[in-house]
Undergrad: 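I'd like to ask some things about the structure below.
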Amino acid sequence: MAQAFGTAESRLARKDVVQLAPPLLGEAEKRALSAVIDDGWITMGERVARFEQAFAHVHDADEAVAVSSCTTALHLCLAGLGIGRGAEVLVPALTFVATVNAVLYTGAAAVFVDIDSPRRPHISIADAAAKVTPRTRAVIVMHYGGYLCNLPAWRDFADRHGLALIVDAAHAAGMPEAARSSDAAAFSFFGNKNMTTGEGGMIIARRPELRRRLRLMRSHGMTSNTMDRARGHACGYDVVLLGYNYRMDDLRAALGLVQLERLGEWNRARRVLAQDYRRALGERVPGLEVPFDPEWPTSAHIMPVLLPQGADRSAVMDLLSREGIQSSVHYPAAHRFTCHRSLCGDVSLPLSEEFAARELTLPLHPRLSADDVDRVVTTLADAVRSV
Ligand SMILES: *Cc1c(COP(=O)(O)O)cnc(C)c1O
């Protein structure tokens, strides 16, 4: 997202700022929003149904369930699978905090799992296996940076231990394999993701029975929706389970339909830029590591690098910022947050902690130019040398 640049040394003209991950919105999005306003049907209408179908099609699925965010998507998946008090759910610590919070909303315990290695910062199957107990009901895996987890291996793991496999696919929109082999996968359309609806999310769940529950729970457990009633299909309704209001509206769905058409092309541009970065970083910034092999399948959601051990990251970030280059950290390890230490207990995850301490995220989005990449790498090389 665009950040405020108010400090004296960084009051650069906006065009000079290399943004981390701005949303790409234009005339097509404006027209799509206007059309919804002209039609007057603004929530859970025909556009939401069309967006669900189009998104399912891109992700190799029969159907998808649109919701208000990826956070609510994750919560809904867990609740729909009947996970709650007394259950344990294995989660990565190296993720956005929403992955963990969704578990805690249900009353289940979140059990933090370490990553494979700093070069491969996915949740580790070996560490997950060591943390399974008779109360474990599910595991959530996350496609860090858009680099796909090995879902067939996770399916085997989940089946061996009788667990549900839930995927936090917030980084992986547009990857047809992102939801494959899982019980349910949750996508995000937040403003800094590969496609956006402002706020918004989507679930892909293979089993029709689970999808039926998710649709019910998305809208208060009501047996009919507004459109059925408006069309005269239903004169009353029952509430058959405790649900939520996690619905998506047609304004967001209209944005989603436009963005989805561009997603494939945008993800290809991201992958090309990520390879440009890898090449230039390898040549010009000694001591820097880039997670994952260059050939790893990815939506190239972010451009993570690992600074040399002991480098002063905040000094590097300050120097970048002074040159008008936004950067970020993905992520502070979730098990170290004050809230999560108190709710989940003190645990030690050495690899996640090392990764969280060294990681730096560079700008990556489809409008970035080859010159921008060059400028970022040059500035980063200077910064790493000088701190
Ligand atoms: C963005 C993100 C979320 C939350 O998505 P929202 O749509 O903002 O709720 C969850 N997990 C990961 C890994 C994310 O990057």
Side-chain angles (χ1 to χ4, degrees), residues 1 20-23 51 55 64-79 89-106 110 112-113 115 121-123 138-149 151 154 166-175 178-179 182 184-204 214 218 244-249 251-253 255-256 259-260 263 267 270 291-292 298-304 328-335 337 340 352 355-356 359 361 364-365:
M1 302 294 307
L20 190 67
F51 182 35
F55 195 85
V65 180
V67 290
S68 53
S69 71
C70 181
T71 307
T72 59
L74 288 165
H75 180 211
L76 206 60
C77 292
L78 291 156
V89 178
L90 301 168
V91 292
L94 189 76
T95 184
F96 183 56
V97 68
T99 318
V100 182
N101 289 352
V103 174
L104 300 177
Y105 301 156
T106 69
F112 287 112
V113 177
I115 52 173
H122 282 145
I123 176 173
V139 57
I140 307 182
V141 304
M142 196 275 274
H143 297 306
Y144 179 92
Y147 294 83
L148 297 182
C149 296
L151 290 182
W154 278 105
I166 300 172
V167 180
D168 181 335
H171 294 186
M175 297 297 282
S182 69
F187 294 83
S188 174
F189 308 130
F190 185 61
N192 62 2
K193 299 303 199 285
N194 286 29
M195 62 170 278
T196 187
T197 61
E199 303 282 354
M202 192 74 82
I203 301 170
I204 290 181
L214 296 174
R218 166 177 71 177
Y244 308 91
N245 173 2
Y246 285 172
R247 296 182 299 258
M248 176 177 276
D249 60 74
L251 293 153
R252 289 184 168 84
L255 289 176
Q259 295 257 308
L260 189 61
L263 183 61
N267 284 358
R270 286 173 175 276
F292 298 107
T298 185
S299 65
H301 170 54
I302 56 172
M303 186 64 219
S328 183
V329 171
H330 291 83
Y331 291 91
H335 67 296
F337 289 131
H340 298 82
S352 301
F355 189 90
E359 198 273 347
T361 303
L364 181 59
H365 58 80

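One-based numbering, in listed order, for ligands and for the atoms of each.
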Undergrad: Knowing that exactly one of Tyr147, Phe292, Trp154 qualifies, which makes a ring pair (Phe, Tyr, Trp, His ring centres under 6.0 Å) with His122?
TA: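 Answer after filtering Tyr147, Phe292, Trp154: Phe292.
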Undergrad: Which atoms of ligand 1 have any heavy atom of Phe190 under 4.0 Å away?
TA: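 By the 4.0 Å cutoff, the relevant atoms are 8 (O).
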Undergrad: Considering only heavy atoms of Met142, which atoms of ligand 1 have at least one such atom less than 4.0 Å away?
TA: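 Reading through ligand 1 atom by atom, the close ones are 13 (C).
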Undergrad: Below 30° counts as parallel, above 60° as perpendicular, anything between as tilted: where do the rings of His171 and His301 land?
TA: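 Tilted: the ring planes of His171 and His301 meet at 30° to 60°.
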Undergrad: For Phe355 and Tyr144, take the angle between the two ring planes, folded into 0 to 90°, and tell me which bin it lands in: parallel under 30, tilted 30 to 60, perpendicular over 60.
TA: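 Rings of Phe355 and Tyr144: perpendicular, as their planes differ by over 60°.
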Undergrad: Can you tell me which residue and heavy atom of the protein come closest to atom 11 (N) of ligand 1, and the distance to 0.1 Å?
TA: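 Its nearest protein heavy-atom neighbour is Asp168 OD2, 2.7 Å.
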Undergrad: So for Lys193, does at least one of its heavy atoms come nearer than 4.0 angstrom to any atom of ligand 1?
TA: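 Distance cut 4.0 Å: Lys193 passes for ligand 1.
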Undergrad: For atom 9 (O) of ligand 1, what is the closest protein heavy atom, and at what distance to 0.1 Å?
TA: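 That would be Thr71 OG1, 2.5 Å.
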Undergrad: Does ligand 1 have any atom sitting under 4.0 Å from a heavy atom of Gly200?
TA: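 Yes.
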Undergrad: Between Tyr331 and ligand 1, which part of the residue brings a heavy atom under 4.0 Å of the ligand: side chain, backbone, both or neither?
TA: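 The part of Tyr331 near ligand 1 is the side chain, not the backbone.
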Undergrad: Could you grab the distance from atom CG of Leu76 to atom OG1 of Thr106, nearest 0.5 Å is fine?
TA: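 Going from CG on Leu76 over to OG1 on Thr106, the span is 12.0 Å.
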Undergrad: Judged by modelled atom types alone, do Asp168 and Thr99 share a side-chain donor-acceptor pair under 3.5 Å?
TA: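 Side chains of Asp168 and Thr99: pair found under 3.5 Å.
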Undergrad: Using distance alone, with no hydrogens and no angle criterion, decide if Thr197 and Glu199 have a side-chain donor and acceptor under 3.5 Å apart.
TA: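 Not at all, the side chains of Thr197 and Glu199 share no donor-acceptor pair under 3.5 Å.
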Undergrad: Please report the shortest heavy-atom distance between Ala66 and Arg218, naming the atom on each side.
TA: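 Nearest pair, atom of Ala66 first, then Arg218: O-NH1, 2.7 Å.
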Undergrad: Return the closest protein heavy atom for atom 14 (C) of ligand 1 as residue, atom name and distance.
TA: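 Its nearest protein heavy-atom neighbour is Ala170 CB, 3.3 Å.
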Undergrad: Using a strict cut-off of 4.0 Å, indicate which atoms of ligand 1 neighbour a heavy atom of Ser69.
TA: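 Under 4.0 Å from Ser69, ligand 1 has these atoms: 7 (O), 9 (O).
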Undergrad: Give the residue, atom name and distance (to 0.1 Å) of the protein heavy atom nearest atom 15 (O) of ligand 1.
TA: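 Nearest protein contact, heavy atoms only, for atom 15 (O) of ligand 1 is His171 NE2, 2.9 Å.
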Undergrad: Has Asn101 got a side-chain atom pairing as donor or acceptor with Val103's backbone, closer than 3.5 angstrom?
TA: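 No, Asn101 side chain to Val103 backbone: no donor-acceptor pair under 3.5 Å.
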Undergrad: Pick one of side chain, backbone, both or neither for how Thr95 approaches ligand 1, counting any non-hydrogen atom pair under 4.0 Å.
TA: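 The answer is the side chain.
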Undergrad: Please work out which of the three classes, parallel, tilted or perpendicular, describes the rings of His75 and Tyr105, given edges at 30° and 60°.
TA: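 Ring orientation of Tyr105 relative to His75: perpendicular.
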Undergrad: Provide, to 0.1 Å, the distance between atom 3 (C) of ligand 1 and the closest protein heavy atom, together with that atom's residue and name.
TA: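 Going atom by atom, the protein heavy atom closest to atom 3 (C) of ligand 1 ends up being Phe96 CD2, 3.7 Å.
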Undergrad: Would you mind running through ligand 1 and noting each atom that sits below 4.0 Å from a heavy atom of Cys70?
TA: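 Counting atoms of ligand 1 from 1, those under 4.0 Å from Cys70 are 4 (C), 5 (O), 6 (P), 7 (O), 9 (O), 10 (C).
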